[in-house]
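In the text below, chain A, chain B and the rest are named by the order of the sequence lines, each starting its count at 1.
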Amino acid sequence: MQSVFVAGAGMTRIGRRSEPLRELMAEAGRVALADAGVETPDAIVVATMNPEEFVGDGNFASHVATHLGYAGVPALRIETATSSGAAAVYAGFAQIAAGLRRTVLVVGGEKMTHLATPRVSEIIGRSIDPYERTYGATMPALAGLVTRALMTRQGVTLREISQVAVKNHAHATRNPFAHFQQAVTIEDVLESRIVADPLRLMHCCPISDGAAALVLTADRASVRIAGVGHGADTLAVRHRLELTSFAATRAAAREAFAMAGFGAERVDAAEVHDAFAPFELISLEDLGLVPPGKAGRATLDGDTSLDGRLPINPSGGLKARGHPLAATGVAQLVECVWQLRGRAGTRQVPDVARMLAHSIGGLATNNWVTLLERV
Amino acid sequence: MIETIAASRCPRCDMVVAPPTTYCPYHPVAMTPATLPGVGEIVSFTTLHTPPEGFRSPLHIAIVELDGGGRFVCHGAGTRGLKVGATVAIEAVDDVYYFSHLGAMERARLFWRRAGHAGDRVNAIARSVAKRVRSLAAKKTA
């Protein structure tokens with residue numbers, strides 16, 4: 001299999017943006033291409049979760065390619081709900097690994113803040129099983145069900161869950177691209193309003209606009225994609241055999257580590273899908289980064305902080321960097337590339353050689369693990 | 001009276017799902033029809049304070065593991081004092097399933113809170129009353 005390297009990385013500032021989606025995606029794409037020193041890629045992979053509903057445009061691969069001035073470059077669009085960005089990176093990776101293309105631009109983005117929150121929730125909620133939706137299930141509702149089970153069955157405390165948000169906000173104060181750049185206290189989190197009992201507002205990621213891009217290449221560069229894994233599970237949460245662990249994450253991790261030829265113990269830092277704070281705790285254990293039952297304690301002890309043994313979400317995560325849906329899976333990898341190149345500024349993790357990015361699609365129906373290493 | 005809930009069973013892995021599906025979620029095998037009693041154990045529950053359009057706040061949602069295996073999503077009138085692992089009954093009010101044992105007043109209240117046309121409500125009330133009378137009559141004869 002052809003080795004795949006990351007030659008360029010770029011992203012927009014995440015937050016409330018007034019520019020159209022195509023401009024955000026063009027901005028991220030141009031930064032990544034300039035970073036790679038590539039004028040024209042051989043192919044483009046576009047990730048957007050639902051531009052038809054959010055911005056009213058379809059055929060979005062051609063839309064972005066043409067806007068970037070690459071009307072003649074083959075472009076395709078990838079969608080796996082909230083993990084679309086990670087899936088797009090896989091599609092680019094696979095084209096190069098198979099020898100079909102030499103240089104691929106991967107760009108993910110979403111624009112949502114111009115719509116009212118109930119409308120945004122409803123559009124995101126369409127990725128949920130239709131029967132569960134007829135009972136009012138939204139992403140926060142399903143996350144609330146998972147959280148109550150986690151607290152009851154695994155003994156995870158609300159304080160441990162809340163500390164995830166405190167930590168990730170603290171990291172984001174050092175990230176000029178983050179949606180939220182202010183610190184919060186554990187009291188702020190515990191006293192925020194209830195969204196889906198026991199989940200509170202500050203356990204949930206914000207609605208954000210933004211885009212992120214990578215240039216992947218067969219030519220040797222400073223960062224290599226060591227492994228990619230994809231795992232899946234039932235659309236309906238009620239069909240799951242367990243609520244407090246995501247089978248799709250475990251399968252994705254197994255596949256990625258097998259491809260990379262190393263295990264979780266060699267990972268120096270990670271970007272983990274914390275759309276809801278308890279998901280970071282669940283995922284740390286599913287990924288094998290922390291032993292079963294220890295994620296809450298490790299978080300309270302500061303092990304997963306920027307200066308801890310295993311920094312998790314140095315960017316601020318979905319919680320504080322923001323979660324522009326299809327941009328997120330790519331943005332996580334942009335952060336990993338910056339960290340591995342030693343260019344992460346005041347949030348640089350020292351001596352980082354291998355990083356993991358983990359992305360959840362829907363309510364953990366379509367998850368990805370991507371491993372990057374410095375070469 | 002215990003409701004009967006329509007479900008389906010995978011002939012290969014014996015997994016039971018409710019409501020019924022055409023194929024098993026884990027196997028490309030046609031499901032066989034099954035029914036489950038409307039009694040089970042609370043797996044988890046939540047309360048939404050900003051529910052989606054068409055639902056009133058607060059909205060109580062639970063996953064219930066039914067006796068016989070399938071997991072079921074339903075609403076509830078309240079979650080005060082409710083615990084994971086509690087045994088609940090499931091009742092249909094106007095084709096929507098609710099957990100817990102509901103008195104007549106609670107049933108009526110749930111019923112009127114739902115969006116819908118006045119005519120549908122009256123018809124459903126009539127059906128609900130008729131069902132009660134039939135079940136009472138059945139008990140008397142037994």
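Smallest separation of non-hydrogen atoms from A/His239 and B/Met15: O-CE, 3.2 Å. Taking all atoms of both residues into account, the shortest heavy-atom contact from A/Ala137 to B/Ile61 is N-CD1, 4.1 Å. Here the closest non-hydrogen pair linking A/Arg238 and B/Pro19 is NH2-CD, 3.7 Å. Between A/Arg240 and B/Arg71, the closest heavy-atom pair is O-NH1, 3.5 Å. Closest approach of B/Val43 and A/Leu243 over heavy atoms only: CG1-CD1, 3.8 Å. Pairing each heavy atom of A/Ala196 with each of B/Thr46, the nearest pair is C-OG1, 3.2 Å.
Within 6.0 Å of CZ in A/Arg16 there are 12 or fewer heavy atoms belonging to other residues, nucleotides or ligands. By the 6.0 Å contact criterion, CZ on A/Arg126 is enclosed, its count of non-hydrogen atoms from other residues, nucleotides or ligands being greater than 12.
Here A/Leu145 is the residue among A/Asp233, A/Leu145, A/Thr138 with the most heavy-atom pairs under 4.5 Å with chain B. By number of non-hydrogen pairs under 4.5 angstrom with chain B, the leading residue of A/Leu241, A/Leu142, A/Leu235 is A/Leu241. Comparing A/Ile194, A/Thr147, A/Thr117 by how many heavy-atom pairs each has under 4.5 Å with chain B, the most go to A/Ile194.
You'll find the side chain of A/Met151 stays beyond 4.5 Å of the side chain of B/Val84, heavy atoms only. Residues B/Glu53 and A/Arg119 have side chains not in contact (no heavy-atom distance under 4.5 Å, counting atoms from C-beta outward). Residues B/Leu59 and A/Tyr135 form no side-chain contact, since every pair of their non-hydrogen atoms from C-beta on lies 4.5 Å or further apart. Between B/Ser44 and A/Val146 the shortest side-chain heavy-atom distance does not fall below 4.5 Å. For the pair A/Val195/B/His49, no side-chain contact is recorded, criterion being any heavy-atom separation below 4.5 Å from C-beta on.
Using a 4.5 Å cut-off between heavy atoms, B/Phe45 contacts chain A through both its backbone and its side chain. Residue A/Ser121 does not touch chain B at all, counting heavy-atom pairs closer than 4.5 Å. For A/Thr134, the part lying near chain B is the backbone, with the side chain staying farther off; criterion is any non-hydrogen pair under 4.5 Å. In this structure, chain A has no heavy atom under 4.5 Å from any part of B/Thr79.
Atom OG1 of A/Thr152 sits about 11.0 Å away from atom CD1 of B/Ile42, to the nearest 0.5 Å. Within the model, atoms OH of B/Tyr26 and OG1 of A/Thr234 stand 4.5 Å from one another, a figure rounded to the nearest 0.5 Å.
Using the six-membered ring where Trp is involved, B/Phe72 and A/Tyr131 have ring planes that are tilted, between 30° and 60° apart.
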